[in-house]
Amino acid sequence: SSIFKEKKSISKEDIEAIVFENYENDIFKFIDYVFMGNTKNSLRLFRDLTQNGESPLMVLTMIGRQLSMITKCHLLKGKGYNQSMIAQKLSVHPYALKKAMDYAQKVNFKDSVVLMNLCVDTDFRIKTGQLNENVAVELIITKIWQKIKNEIHGKTIA
């Protein structure tokens, strides 16, 4: 980066700032890949995140949080709220809401509830040793992709 050309040395804080920025970008890029139906890149990025020390449970939590926001968007939109009213009601940044609204066009209300419940169940089953956490999260990514694919093709599956 150009800021390092002016410095004679690089501090631990400089490195942490870049690493954290890249990590944040990666997790948001990952969520975007998942909810845009890009299975190949979302699985690749999930593996990169976990190989770099990220907990699959944290990744599952991020997926669940996004599904919760998608579900809330569907509910509030159904009550006649516009995007700015929804942002205010949910106390979220307008950009985060815009992304959730984009994803809500790919995952219908029923599927968002089913997938959110699947995340909760998967979280429980991982924590009780019933499921391998990496495999379980990869399965959820695949299920989201199936729901998106079926929504695009006008079919619904349970």
Tell me, please, which residues at least two apart from [X] pass side chain to side chain donor-acceptor pair (under 3.5 Å).
| X | answer |
| --- | --- |
| S112 | T71 |
| S84 | N82 |
| K99 | D32 |
| D48 | R44 |

Checklist line | Where L60 and I126 come nearest, the two heavy atoms and their spacing | finding: CD2-CD1, 4.1 Å
Notebook entry, point to check: Where do S42 and I141 come nearest, in terms of heavy atoms and distance?
Noted result: OG-CG2, 3.4 Å
Notebook entry, point to check: Is the backbone N or O of G64 less than 3.5 Å from a side-chain atom of S68, with the two atoms forming a donor-acceptor pair by type?
Noted result: no
Next item on the list: Evaluate the side-chain proximity of I63 to L115: yes if any heavy-atom separation is below 4.5 Å, no if none is.
Entry: no
Item checked: Beyond-backbone contact of E151 with K106, side-chain heavy atoms, under 4.5 angstrom -> no
So, taking the atom named [atom1] in [X] and the one named [atom2] in [Y], what distance separates them when rounded to the nearest 0.5 Å?
| X | Y | atom1 | atom2 | value |
| --- | --- | --- | --- | --- |
| L131 | T122 | CG | OG1 | 6.5 Å |
| L75 | I70 | CG | CD1 | 12.5 Å |
| M62 | F28 | CE | CZ | 5.0 Å |
| F30 | L43 | CZ | CG | 8.0 Å |

Checklist line | hydrophobic_cluster_shared for W145 and I31, side chain cutoff 4.5 Å | finding: no
Next item on the list: Group every Ile, Leu, Val, Met, Phe, Trp and Tyr by side-chain heavy-atom contacts under 4.5 Å, then state whether M58 and L139 land in the same group.
Entry: no
Margin query: Looking at Q130, I want to see if its CD is surrounded by more than 12 non-hydrogen atoms of other residues, nucleotides or ligands under 6.0 Å.
Written below: yes
Notebook entry, point to check: Who else is in the cluster with L90 when I, L, V, M, F, W and Y are joined by side-chain contacts under 4.5 Å?
Noted result: M69, L76, Y81, M85, I86, V92, L97, M101
Item checked: Counterpart residues, salt bridge (Lys or Arg N to Asp or Glu O under 4.0 Å), relative to K98 (two or more places apart) -> D102
Margin query: Using the salt bridge (Lys or Arg N to Asp or Glu O under 4.0 Å) criterion, which residues pair with K143? Sequence neighbours excluded.
Written below: none
Checklist line | ring pair (Phe, Tyr, Trp, His ring centres under 6.0 Å) contacts touching residues 84-135 (sequence neighbours left out) | finding: F35-Y103
Notebook entry, point to check: Under the ring pair (Phe, Tyr, Trp, His ring centres under 6.0 Å) rule, what pairs show up with a residue in residues 38-77, not counting sequence neighbours?
Noted result: none
Next item on the list: Could you list all the salt bridge (Lys or Arg N to Asp or Glu O under 4.0 Å) pairs where at least one residue sits in residues 125-142, not counting sequence neighbours?
Entry: R47-E138, D121-R125, D123-K127
Check: Under the salt bridge (Lys or Arg N to Asp or Glu O under 4.0 Å) rule, what pairs show up with a residue in residues 77-97, not counting sequence neighbours?
Finding: none
Note to self: Which residue is it: I144, I140, V59, L67? I am looking for the one with a side-chain contact (heavy atoms from CB on, under 4.5 Å) to V34.
What the structure shows: I144
Check: Who are the side chain to side chain contact (heavy atoms under 4.5 Å, CB included) partners of T61, not counting sequence neighbours?
Finding: R65
